> 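Supplied in structure tokens, the structure appears directly below.
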Amino acid sequence: MSDEIQIEIQRIDDRTTIIHLAGDVTTFAEKEINAAYAQVSNNGAINIIFNFRENDYINSAGIAILIGLVTESRRNNQRLIMSMPSTHFQKIFRMVGLSQYADVYPSLEDAQAGVA
Amino acid sequence: MNEPRHTRRVVELKIPSELGYEKVAREAVATVAGRLGFSAERIADIKLAVAEACTNAIAHGSPPDSLTTIVVILTADEKKLEILVKDPGFGSPPTDVTVPDIHKMVAGKAKPGGMGLYIIHELVDKATFIKNHEDGSNSLQMIIYRMDDEAPADSNSSGQEEKSQ
């Protein structure tokens, strides 16, 4: 089921990297998302932008994966930024309180501007 | 004879009790909700609620056996969409809904998770567990009311249904 998510990593500069996600953010995506985070961390990224698409899907298991990354990023003194055009995504993030720990922007352009 | 106008639609499906198959229920309910004229935002909410209910039924209400089935019944009428997710009753349904403590999770003092039921309750208008004492099954009944401005997508077909019933 790991083909349910596609991940691309885009390095912007020494400090900032974008992890582009496309597909379902569920328990089946855990290995790939954690691996992507580990890779960008090992490369020294301080600002990590998770870029979701409008029609992507996330469930509670996917949210749990992201909470785990918030914990990890705080240990590593990194900043997690979420770019999510879906108002449904934004609502779920607010509902579980995740937006208190990660900056949420409605577009990738806004997220990148927020980092600069 | 002037019979009452028929607006009821029922879709019933069975999925294996195996993680990943909740996606089948998710897509089915999206189709039904779309036909009823729910907005894209509410369809996303309903999809997530159904998927979470199915995931709970698979993880907690069934033995770890993909031969076991979870039954999902979608019943739509002019006022609401009712969704029933029925498992064999392997576990006990939760007695209360707890608000997830994100602060403990982020601090590493609680394992991230256990948010499914809370999310369901936040996304639907009513969510109630029903115990069937005859067959031992547990069902989660979810109700989503249709808004006044959400006209059914297939409202023109109701006249034909009225004749055939």
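First the proteins, then the strands, lettered A, B, ... as listed; each starts at 1. From a predicted model like this one, the values you see are computed outputs, not experimental measurements.
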> Considering the options B/R26, B/K23, B/E52, which one meets the side-chain contact (heavy atoms from CB on, under 4.5 Å) requirement together with A/N59?
B/E52
> Would you mind checking which part of A/N55 comes under 4.5 Å of any heavy atom in chain B, side chain (CB onward), backbone (N, CA, C, O), both or neither?
neither
> Quick check: closest heavy atoms across B/G20 and A/F28, and the distance to 0.1 Å?
CA-CE1, 3.6 Å
> Could you grab the distance from atom NZ of B/K104 to atom CD1 of A/I67, nearest 0.5 Å is fine?
14.0 Å
> Following the transitive rule for hydrophobic clusters with a side-chain heavy-atom cut-off under 4.5 Å over Ile, Leu, Val, Met, Phe, Trp and Tyr, establish whether A/I46 and A/L69 coincide in one cluster.
no
> Looking at B/P112 and A/A64, what are the two nearest heavy atoms and their distance?
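In this case the closest contact between B/P112 and A/A64 is CB-O, 3.6 Å.
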> When hydrophobic residues are tied together by side-chain contacts of less than 4.5 Å, even through go-betweens, does A/I18 share a cluster with A/I48?
no
> Verify, without hydrogens or angle tests, whether A/Y101 (side chain) and B/I102 (backbone) share a donor-acceptor contact under 3.5 angstrom.
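Flag not set: sc A/Y101 to bb B/I102 has no pair under 3.5 Å.
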> Within this structure, what is the CD1-CG distance for the pair A/I63 and B/L48, rounded to the nearest 0.5 Å?
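Result: 7.0 Å between the selected atoms.
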> Examine whether an atom of B/K111 lies under 4.5 Å from a heavy atom of chain A, and if so say whether it belongs to the side chain, the backbone or both; otherwise answer neither.
neither
> Are A/I9 and A/F50 connected into the same hydrophobic cluster when the rule is that any two of I, L, V, M, F, W, Y join if their side-chain heavy atoms are below 4.5 Å apart?
yes
> Between A/T27 and B/T55, is any pair of side-chain heavy atoms under 4.5 Å apart?
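No. Closest side-chain heavy atoms not under 4.5 Å.
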> Please examine the side chains of A/V70 and B/M105, heavy atoms only from C-beta on, and report whether any two atoms are closer than 4.5 Å.
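In short, these two side chains do not touch, never coming nearer than 4.5 Å.
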> Using a cut-off of under 4.5 Å for heavy-atom pairs, which of A/R75, A/Q100, A/R74 has the most such pairs with chain B?
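Heavy-atom pairs under 4.5 Å are most numerous for A/Q100.
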> Hydrophobic clusters here meaning ILVMFWY residues chained together by side-chain heavy-atom distances under 4.5 Å, can you tell me if A/I81 and A/I65 are in one?
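No: no chain of side-chain contacts under 4.5 Å links A/I81 to A/I65.
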> With rounding to the nearest 0.5 Å, note down the distance linking OG in A/S60 to CG in B/N56.
7.0 Å
> Looking only at heavy atoms, what is the nearest atom pair of A/T71 and B/V106, with distance?
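Scanning both residues completely, I find the closest heavy atoms to be OG1-O, 2.9 Å.
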> Please assess A/H88 against B/I43 for the test side-chain contact (heavy atoms from CB on, under 4.5 Å), listing each intermediate value before the final yes or no.
CA-CA 10 Å; A/H88 170 74; B/I43 291 173; over 6 Å; no
> Would one find more than 12 heavy atoms of other residues, nucleotides or ligands at under 6.0 Å from atom NZ of B/K131?
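Yes.
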> Are any of the side-chain nitrogens in B/E122 or A/K91 under 4.0 Å away from the carboxylate oxygens of its partner?
no
> Measure A/I92 against the heavy atoms of chain B and call it side chain, backbone, both or neither at under 4.5 Å.
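A/I92 touches chain B through side-chain heavy atoms alone.
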> So for atom CD, which belongs to A/E8, do other residues, nucleotides or ligands contribute more than 12 heavy atoms lying within a distance under 6.0 Å?
no
> According to a 4.5 Å side-chain heavy-atom criterion applied to Ile, Leu, Val, Met, Phe, Trp and Tyr, with indirect links allowed, do B/I130 and B/M142 form part of one hydrophobic cluster?
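Result: no, two separate clusters.
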> Set out, in order, the CA-CA distance, both residues' side-chain angles and the distance that settles side-chain contact (heavy atoms from CB on, under 4.5 Å) for B/L19 and A/T26, then state yes or no.
CA-CA 10 Å; B/L19 274 183; A/T26 68; over 6 Å; no
> Side chain, backbone, both or neither: which part of A/F89 has a non-hydrogen atom closer than 4.5 Å to chain B?
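Nothing of A/F89, per the 4.5 Å heavy-atom cut-off to chain B.
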